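Please read the structure below before turning to the comments.
Predicted model only: the values in this text are computed from it and were never measured. Residues: numbered from 1 along the sequence shown.
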Amino acid sequence: MDWLVTIAKFLVNEILSVPAYLIGLITAAGLIALKKSAGQIVGGAIKATLGFLLIGAGAGLVVSSLAPLGEMIHGATGAHGVIPTNEAIVGIAQNQFGARVAWLMIVGFGLGLLLARFTPLRYVFLTGHHMLFMATLLTMVLATAGLSAWVVVTVGGVLLGILLVSMPAFAHPWTKRITGNNSIAMGHFGTAGYVTAGAVGQLVGRRSRSTEDMKLPEGLRFLRDSMVATALSMLLIYVVMAILYVVKAGEKTAFKAFAADSGTAATSLGNYLMQAIMQGLQFGIAVAVILFGVRTILGELVPAFQGIAQKVVPGAVPALDAPIVFPYAQNAVLVGFLSSFVGGLCTLALLAWVLNPAFGLALVLPGLVPHFFTGGAAGVYGNATGGRRGAVLGAFANGVLITLLPAVLLKVLGAFGDENTTFGDADFGWFGSLIGFADKAGETGGIVLMLATGGSVLAGAILVQKRVVEPGWDPGARRDALLPPEAVGAGAPSDAATGTLPRNYPKLPPPAGAPTPPPPPEG
């Protein structure tokens, strides 16, 4: 029997405890369920494994590029500053919690399918990278509280499964307003920002015309390339902080910033500034590597998840990534991005002048990528209910949320709060903070509070589904009644029977650089 124990230990310690291998095995299992050929199964499993390894490689580059920036921010402002980047913090956490994250993700997805099958919330969450991000966040928060591995996986899996079916339901009245039918749902953990944007649009934009009636400069469209946007944002942040640091601390001290994390100290002011520029560009490369790894995984995982979902939850509504709404109002995407970024800058000023001194909240620097994707989607939601004013002010509110909530979230991340990066989208902030503060009630009390929080979210989502979504409430109906007939179209729902789009919502491909969402399940 010794040989059996040896084999069991080998499987657990050398395969199932290695996240990259585990992801490959999950992918293989899904492809087998889809009755793919042996070559497709082997190739898909290997690609998913390599994708996970790419995430780790990119995370190492992120850590290297963020180390000098953290020192500059602290030296220039006297406060701890972070750049919210989901891929970066996930990559860092994988080194410590990779196996638990993988198991939690499996449990959460399975429970999500069961909830979709046996509750009114018939949404199948197919945005795989956000499943991974939320699974990582829950693992980090629960493990930081000192809970055992099996409790982390079990409790975290329950909470993840609840979120996978609940968040699409909360956004669905506004999503149907945009798409005009029930064919897709929003499967992205920026939902709080999108619902807020839609609600703000209802308040401020009753007579405001659509963003699709105006022209925007072509010169700004290069920002739709995520790698360019990331590199440019980090380059600007690095240069500004480098200048502030050298002015405040002097050349002798400032030049040593680049010696952090095995780097080389600057030799002159020119070399100092060029190193700042290079670090910003390196960050763009690092995030691009991580994104490529994520997309490599998802290219294999999402089809497997879709196949399983079709068998378990027939007729369910697929919940897809945020860019799925971009084609419905492309001008609103750019307006939303810029407004969200301004909202982030204003909230950064609030953090620096009021909330950091009073409550010790970290400075959260606005990054172009989270503000583009969540701000762009928020612009579409705001435009659907409030036209131009809705797009501007709704996305501004999103920018406030994705700057303030990550600062609160850092309070419950333990040692990970010192990594100079964190989760960026709204739902990570509010839900992670609630779960993290519940942890402080002790192990038993904390678990009870966390499950009660999850239960409240699930009950609220079912209530919204039964009382709001199914009766067909239209959040933009009052605006349509106030606008002249020729203006109704931007944000007006289409004929659900024909599935046609509103006049001002031409069917265009997603903007360049946006991740391509998976196709909805057949049938």
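Considering only heavy atoms from C-beta on, M450 comes within 4.5 Å of I447 through its side chain. Within the 4.5 Å cutoff, the side chain of P84 has no heavy atoms near those of the I402 side chain. The shortest distance between side-chain heavy atoms of L355 and L350 falls below 4.5 Å. Residues V333 and F372 have side chains in contact (heavy-atom distance under 4.5 Å, counting atoms from C-beta outward). Contact annotation: the side chain of W430 approaches that of D427 to within less than 4.5 Å [non-hydrogen atoms, C-beta and beyond]. Counting heavy atoms from C-beta outward, V400 and F396 have side chains that approach closer than 4.5 Å. Residues T154 and V107 fail the side-chain proximity criterion, which asks for heavy atoms closer than 4.5 Å. Contact of the V152 side chain with the F97 side chain is not registered, since no non-hydrogen atoms from C-beta on lie closer than 4.5 Å.
Checked against side-chain contact (heavy atoms from CB on, under 4.5 Å), A197 has the following partners two or more places apart in sequence or in another chain: A378, Y381. Legend: residues meeting side-chain contact (heavy atoms from CB on, under 4.5 Å) with V200, ordered by chain and number and at least two apart, are T196, V204, L393, A397. For L111, the side-chain contact (heavy atoms from CB on, under 4.5 Å) partners two or more places apart in sequence, or in a different chain, are L115, V158. The side-chain contact (heavy atoms from CB on, under 4.5 Å) search around L345 returns F341, P366, not counting sequence neighbours. Under the salt bridge (Lys or Arg N to Asp or Glu O under 4.0 Å) criterion, K36 pairs with no residue, sequence neighbours left out. For the ring pair (Phe, Tyr, Trp, His ring centres under 6.0 Å) test, residues two or more places apart in sequence or in another chain that qualify with F133 are H129, H130. Residues that satisfy the side chain to side chain donor-acceptor pair (under 3.5 Å) test with K466, not counting sequence neighbours, are E470. Under the rule for a ring pair (Phe, Tyr, Trp, His ring centres under 6.0 Å), the partners of F423 that lie at least two apart in sequence or sit in another chain are F428. Shown here are the salt bridge (Lys or Arg N to Asp or Glu O under 4.0 Å) partners of E443, two or more places apart in sequence or in another chain: there are none. Residues passing the side chain to side chain donor-acceptor pair (under 3.5 Å) test with S148 are W150, sequence neighbours excluded.
Rounding to the nearest 0.5 angstrom, the gap separating the CE atom in M134 from the CG atom in N86 is 9.5 Å. In this structure, L405 CG and L410 CG are separated by 11.0 Å, a value rounded to the nearest 0.5 Å. Separating the CG atom in L159 from the OG1 atom in T453 is a distance of 8.0 Å, to the nearest 0.5 Å. Here the straight-line distance linking atom CD1 of I46 with atom CD1 of I41 works out to 12.0 Å at 0.5 Å rounding. Distance check, rounded to the nearest 0.5 Å: CD1 of I92 to CE of M140 gives 8.0 Å. Expressed to the nearest 0.5 Å, how far CG of L348 lies from CG of L365 amounts to 6.0 Å.
Heavy atoms only, all atoms of each residue included: G376 and F326 are closest at C-CE1, 3.9 Å. Closest of all the heavy-atom pairs between G455 and I162 is N-CD1, 4.2 Å. Taking every heavy atom of both residues into account, L160 and A135 meet most closely at CD2-CB, 4.1 Å. When all heavy atoms of G379 and A391 are compared, the pair lying nearest together is O-CB, 3.5 Å. Annotation for H188 and D321: closest pair CD2-OD1, 3.0 Å, computed over non-hydrogen atoms. Looking at every heavy atom in both residues, L351 comes nearest to P357 through O-CD, 3.8 Å.
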Residue pair F125, F189: steps toward the ring-ring contact (aromatic ring centres under 6.0 Å, His included) verdict: CA-CA 11 Å; F125 198 101; F189 288 126; 4.9 Å; yes
Derivation and outcome, side-chain contact (heavy atoms from CB on, under 4.5 Å), residues L458 and L121: CA-CA 9 Å; L458 181 63; L121 306 175; 3.7 Å; yes
Evaluation steps, side-chain contact (heavy atoms from CB on, under 4.5 Å), between L363 and V82: CA-CA 6 Å; L363 296 185; V82 299; over 6 Å; no
Steps toward side-chain contact (heavy atoms from CB on, under 4.5 Å) verdict (T144, V412): CA-CA 8 Å; T144 298; V412 300; over 6 Å; no
Step-by-step side-chain contact (heavy atoms from CB on, under 4.5 Å) determination, T175 to Y194: CA-CA 9 Å; T175 305; Y194 310 145; over 6 Å; no
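Every pair passing side chain to side chain donor-acceptor pair (under 3.5 Å) that includes a residue from residues 111-123 is listed here, sequence neighbours excluded: Y123-Q465. Within the structure, ring pair (Phe, Tyr, Trp, His ring centres under 6.0 Å) pairs that include any residue of residues 437-477 comprise W174-W473 (at least two apart or interchain).
In this model, no donor atom of one side chain and acceptor atom of the other lie less than 3.5 Å apart for T374 and D425. In the model, H371 has no side-chain atom that pairs as donor or acceptor with a side-chain atom of N398 under 3.5 Å.
Under the 3.5 Å distance criterion, the side-chain polar atoms of T421 are matched with a main-chain donor or acceptor of I83. Here the side chain of R177 pairs a donor or acceptor atom with the backbone of A384 at under 3.5 angstrom. Side-chain N or O atoms of T422 include none that pairs as donor or acceptor with a backbone N or O of P406 at under 3.5 Å. Within the 3.5 Å criterion, the main-chain N or O of G446 finds no donor-acceptor partner in the side chain of D439. With hydrogens and angles ignored, the 3.5 Å screen pairs a side-chain donor or acceptor of S456 with a backbone N or O of A452. Not one N or O on the side chain of S339 forms a donor-acceptor pair closer than 3.5 Å with the backbone of A395.
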